[in-house]
Amino acid sequence: MPEPTKKDEMSNGEKESVATDSSEAPMPTPEISLEVSPPPAEQPVETEGKDPQPIEVLKPVQPEPVENGSKEPEPEAVVVGAKEQVESVNSEVKEEAPSPCSPPPPATVKEEAEPVVTEVNQPPEPVVTVVTPPPPPPPPEPVVTEVTQPPEPVVTVVTPPPPPPPEPVVTVQVTPPPPPADKDDDGTTNTPSPPPPPVWSLGEGQAPEDLDKPVDTPPLSSLLIERPQGGSITVGGDISFVAKVEAQDLLRKPTIKWFKGKWMDLASKTGKHLQLKETFDRRTKIHTFEMHIIKAKDNYAGNYRCEVTYKDKFDSCSFDLEVKELEQSQSVDIRSAFKRSSEGHEDAGDLDFSGLLKHRNQREPKQDETPEVDVWEILKSARPDQYEKIAFEYGITDLRGLLKRLKKTKKEEKKSEAFAKKLDPAYQVDKGGKIRLVVDLADPTVELKWYKNGQEIRPTPNQRKFIFEQKGTQRILVINNCGLNDDAAYSVAAGEEKCTTELFVKELPVKITKEIEAVKTTVNERIELECEVSEEGAQVKWCKNGVEVPTGPRSRYRVKSEGLKHWLIIDDASKEDTGTFSLMASGGTSEAKVQVELKPLKIIQDLQDMTVLLGQPLKMHCEIFPGNVPGRWYRNGQLIQSNDRINILQRAKNHRLEIVNSTIHDAGDYTFVPEGYTQSLCAKVHIVDPPRVHLESLNFPDNTVTIVAGNKLRVEIPISGEPAPRVVWMKGERVILDSGHRVRAETFSDYTSLTIDIAEKEDTGNYKIVLQNEAGEAGASIKVKVVDIPDPPEVPLVTEVGGDWCSMTWEPPIYDGGSPILGYFIERKKKQSSRWMRLNFDLNKETTFEPKKMIEGVPYEVRVFAVNAIGVSKPSEPSKAFVPLAVTSEPTMLVVDDVTDTTVTMKWRPPETIGAAGLDGYLVEYCIEGTDDWRVTNKELTEKTKYTITGLPPEAKILVRVRAINAAGASTPRTLQHSILVKEVIEPPKIRIPRHLKQTYTRKVGEAVNLVIPFMGKPRPKVSWLKEGQTVDPTQVTIRNTDCDSIIFIRKAERKHSGKYDMKVEVENHVDTAIIDIQIVDLPGPPQCVKIDEVWGGNVALDWTPPKDNGNAAITGYTIQKADKKTMEWYTCIEHYHRTCITITELVVGNEYFFRIYSENMVGLSEGATQTKDSALIVKEGMQLKNPEYIDHDFKEPPKFTQPLINTFAIAGYNATLNCSVRANPRPKVIWMKNKIAIIDDPRYRMFSNQGVCTLEIRKPSPYDGGMYSCKAINDLGDALVECKLEVKGGFTFSELMQRGVPLHLIDKYMSETKVVEQPEK
């Protein structure tokens, strides 16, 4: 159940407009007392035509501690508005109400200067009030509350009671900025209002003299056809609220929300105490929405609201829930609001502020008690590290809640930049009155907007509901003719800053002018209760014994009103109408007692005892006076209801009970009780019936009962007879007694039973039943048949085993249990396991079976069950253990790896499926092409996936195949698809330069260099290295060559290792070369010749030259630092500066500065910096700066490639790109060429140019797309050309062509054409 929030003082059914802030969590409603300091003397107080009344100072009432902790959630410290203050005062004066049903009268607390909000718990003892005049200065001890209640205000002084010795009272105070106040003598509104300024508004509206007249508010869209009505329940009771919406004109389901107070959405609070239900009646087209409150608590009381929305339509309804509770005598402690309660229970951690509010009127008066300490003030002045110590010292366990409130208080103390004075936290006004909301702006030119519930307020041309005024820096919003729909949250926005307030519209109380008179009458008479109130059309509520009287169309009560008079009419009074009736108005309650008595009862004819045969009609009759008194018939204390068989008749004084066909259940004691009387008429009815045995209800074929041996048999046979017959069971000539051990017979009121605990074959036979009573004799017989399960089958035999299956067979059981064998169940298990798994869920009618899905290499056992109509037999003995095994699949990807004049090297990959038997090795076989003579080349299995076949005749053609071998045998062979020619093949060398080595390879001094350059070629190529045309020094650079790559390694790089390294790979007459560019970089040297060119004002112009040593890398920038001559502490002015001259600005006048500059490259800053020899003195007097004359720079230049093309390798079938960058002005024309032939309109090529970057994309190149590519840039000043070599890989080698089975003459032709294409390119 959600926590209670502020209770809206609105009558049932009224609508309210609430601005809901989704980011604001619902807050519980604590007990609030307001301490107000007197207003400053220099601030004038303006009133709206009424004499001001003095404001008394409010102090919190200190209650006694509560023994049991409250059950409300932990509150956050929040400064509450005026409405919470009003509710707190309402709870103070609640004891003046004459009835628990009467609502508390509204009260107003006037807020002057810095209000201090104190949350206190309310003890259940009554409060003694003393009327005293207010003292001139505000004393700190007494509590003064101004309560507005007609006909005159009352000032209540309550002295705080003494707190218990162990725990001091904790008072939490929050001090917002002091607002100026308006004071009205009737206590309706406290609004800051300076003297009336000139009125300004937008559009046309009412004349000023018509502002006080009521303004008609257009009605809201009506969706609810039945609104939830308020109610009253006791603590722990259940109540439901129902709202109905007609969907005749709606296309979809409307949206409904249930709220408590103004903010709390109950959709997120559903649980064991709150349930929301929605139903739709398709016949009547009505949506029904229900809210159920289960096991209500005392803090569930308050105002609830139901809101229905459909597109642009909106409707809402408010209703009240009153929760009554028994008076308690416990004391309440304010600190219980900050202590956890009910630990371990469902509501643990809740904080019960509402409970304190409800018990406050029962507080006992205690004099001369003041709070000993103000912990709130102590916390505000203490350091954060002392909060925990203070909380422990004063017994506060909810330190987090206090710290949250302290944090929000500190935030409120921040000074506003846009507002010189903000709105008050809340305002209150009488219904139909006028209110002025005033803010004072710090900047009068800022744009101001007013909002109501988040919607901007705009003046309308036909109404003057809202009027905007201004006076100096003050901005005023005037609201005329305030109604209940004006009760809302208002805010004003000045730029990006915003302040908010709440306006509460109060209705004047309705008083009772004529009390209800007591009534004493008899049953069936008319009762009319009359009361008169002070206002016509006032909303009143009729109650009976504190519960609202239902006045619906089917109710016995009728309500009528005419002018000031209200009537409650009961046409036909009954005994239940006795009680206390009351009329509740907002200004009071009137009560009167109604007593309805009965007329004396006289019995003319009493009921007579009867005896009736079963099935015959039963008629009972009696006669009483008075004749119009209804009554009830009872049989054996149970109420008799009229139905098709039973008729209950009443004619004047006669009362009759007629039963058409009597049954055994109709016998018993009958009683007739006149309604409203304690006297009753009694008689006995006896029903007799001959005995009978009802075997037809058993549904046994031929009255035969079949039972499995060993089971318990219990046969219950219905019998009838009145009185109860004597029953005898017999088997043959033997009588079965009820005292037998294994076989016994039992008899009950409506049936007899035969029980056999453990059935045996000997129990088969006929059983006879004999019944006797005074009305006759009856007999019957049944037959019992005992059957059993079959014997287990013979041991199963496994005849065949596969990779994951086996085949098994068995013999049927010798004894079938007296019933035919229906089938068999088969189970299996792993030999090491004890868990059997069933293999078939449908019976197997054969004596053979094939289990599947077994794991290879795991031993299994199987067993069999026989099944007949009785059940399943015991399992057979397990079979002998067997292991499923399977051969592997064939090896994969068998290819030729190398061919010589006498050997062939094959390689392959393992089989895709190996199985549980594993893989022992491979067997390699070959045969001469044209024969089937396969020869095994390896006598022992090889575990490797590569094997060389030796001893082959030169230039022979052979076929090769490989098998995988395991414990289950040899797999299917993998055979090479084409024959292999035994002849060595020469493969030209080819260097495969990695992508990152195609550009300059850069390393820092001291780092290691380790480069791996792969290459290809057969036989093994010869590799050589040169640096700048000279042999590489092995003491400086380590080079290691293998069959397929070359490694160059430098353990600690130095700048002398930089240069171009030439790699050469040779295979006989075939040569391939590559160039590796290595650059070793280091930190640069400092700049040269840093000097001060000019000093003027607070500026210094510096100039310098680049460093001599750039660290073997381009200079990327400079870092400039400055130092005051007095301190010589260096500060960085700018980093990563690219030019060699700079102007340093914002220097301090009168200081003398030195400057130094670091150079920077890709490695980092130089180790040293160059400092200016002279210093720059920033003088105070001005200087004449001579502006130098600059000659416009000519940016035109011929094309120049800043990034050349790079030799590239491409993969056949995959897109390749060539990139370069060119700089020229004006923009050059770019031409791409292949083998010095321009590429024009070729769909295989795409050319791009963006910001000087030129790109050529080759779509899915083939080996014929390789060659020399060049890019040429041309403008008016000249041209430039760059070239690169593109090699497309993915063509076929000799071995690949041999594997594909291409004839030799075609292979030779293809290889010769490839060489011819490569030679011109070289």
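Keep in mind the model is a prediction, meaning the values are calculated, not measured. Counting from 1, the numbers follow the sequence of the chain as shown.
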Enquirer: Quick one: does Thr1116's side chain have a donor or acceptor within less than 3.5 Å of a partner on Glu1160's backbone?
Expert: yes
Enquirer: Under a plain distance cut-off of 3.5 Å, with no hydrogens placed, do Thr501 and Asp424 share a side-chain donor-acceptor pair?
Expert: no
Enquirer: Does a salt bridge link Glu1197 with Arg1223, judged by any charged N lying under 4.0 Å from a carboxylate O?
Expert: yes
Enquirer: Inspect the surroundings of CD in Gln999 and state if more than 12 heavy atoms from other residues, nucleotides or ligands are less than 6.0 Å away.
Expert: no
Enquirer: Between the side chains of Asp1045 and Thr1042, is a donor N or O closer than 3.5 angstrom to an acceptor N or O?
Expert: yes
Enquirer: Can Arg1055 and Asp1109 be counted as an ion pair, charged N to O under 4.0 angstrom?
Expert: yes
Enquirer: Given the ring of Tyr451, does Lys498 sit roughly above its face, with NZ or CZ under 6.0 Å from the centre of the six-membered ring and within 45° of the axis?
Expert: yes
Enquirer: Run the numbers on Lys1229 and Asp1279 for salt bridge (Lys or Arg N to Asp or Glu O under 4.0 Å), then give the verdict.
Expert: CA-CA 9 Å; Lys1229 178 181 178 182; Asp1279 58 3; over 6 Å; no
Enquirer: Just say parallel, tilted or perpendicular for the rings of Trp1104 and Tyr1137, cut-offs at 30° and 60°.
Expert: tilted
Enquirer: Is it the case that more than 12 heavy atoms not belonging to Glu1028 sit under 6.0 Å from its CD atom?
Expert: yes
Enquirer: Do Thr500 and Leu423 make a side-chain contact, defined as non-hydrogen atoms from C-beta onward lying under 4.5 Å apart?
Expert: no
Enquirer: Between Ser1058 and Asn1112, do the side chains contain an N or O donor and an N or O acceptor separated by less than 3.5 Å?
Expert: yes
Enquirer: Can Ile1231 and Ile1274 be said to form a side chain to side chain contact (heavy atoms under 4.5 Å, CB included), step by step?
Expert: CA-CA 8 Å; Ile1231 300 174; Ile1274 306 173; 4.1 Å; yes
Enquirer: Carefully, step by step, assess Lys1064 and Val1023 under the rule side chain to side chain contact (heavy atoms under 4.5 Å, CB included).
Expert: CA-CA 6 Å; Lys1064 183 178 180 182; Val1023 183; over 6 Å; no
Enquirer: Does any donor atom in the side chain of Thr1255 or Thr1217 lie under 3.5 Å from an acceptor atom in the other side chain?
Expert: no
Enquirer: Any chance you could lay out the side-chain hydrogen bond (donor to acceptor under 3.5 Å, both in side chains) test for Thr1145 and Asn1099, step after step, and finish with the verdict?
Expert: CA-CA 4 Å; Thr1145 61; Asn1099 308 311; 4.7 Å; no
Enquirer: For the residue pair Val439 and Trp450, establish whether any side-chain heavy-atom pair is separated by less than 4.5 Å.
Expert: yes
Enquirer: For side chain to side chain contact (heavy atoms under 4.5 Å, CB included), just list the numbers for Leu1286 and Ile1258, CA-CA rounded to whole Å, side-chain angles, deciding distance to a tenth of an Å, and then say yes or no.
Expert: CA-CA 11 Å; Leu1286 174 65; Ile1258 307 172; 3.4 Å; yes
Enquirer: Side chains of Phe1209 and Arg995: closer than 4.5 Å at any heavy-atom pair?
Expert: no
Enquirer: Indicate yes or no: at least one non-hydrogen side-chain atom of Phe1049 is less than 4.5 angstrom from one of Val1009.
Expert: no
Enquirer: Ignoring hydrogens and angles, state whether a donor on the side chain of Glu1129 or Tyr1131 is under 3.5 Å from an acceptor on the partner side chain.
Expert: yes
Enquirer: Does Val1179 reach the side chain of Val1149, with side-chain heavy atoms less than 4.5 Å apart?
Expert: no
Enquirer: Looking at side-chain heavy atoms only, is the closest gap between Glu1283 and Cys1220 below 4.5 Å?
Expert: no
Enquirer: Around atom CG of Asp1093, are there more than 12 heavy atoms of other residues, nucleotides or ligands at under 6.0 Å?
Expert: yes
Enquirer: Do the side chains of Ser1166 and Tyr1118 get nearer than 4.5 Å, heavy atoms only?
Expert: no
Enquirer: Strictly by modelled atom types, are Asn1215 and Glu1257 linked by a side-chain donor-acceptor pair under 3.5 Å?
Expert: yes
Enquirer: Verify the distance criterion only: is there a donor paired with an acceptor across the side chains of Asp1174 and Thr1172 at less than 3.5 Å?
Expert: no
Enquirer: Is a side-chain donor-acceptor pair under 3.5 Å present for Trp1025 with Thr1031?
Expert: no
Enquirer: Yes or no on side chain to side chain contact (heavy atoms under 4.5 Å, CB included) for Tyr1061 and Leu1026, after CA distance, side-chain angles and deciding distance?
Expert: CA-CA 6 Å; Tyr1061 291 77; Leu1026 297 175; over 6 Å; no
Enquirer: Could you state the interatomic distance from CG (Asn1161) to CG (Asn1110), rounded to the nearest 0.5 Å?
Expert: 7.5 Å
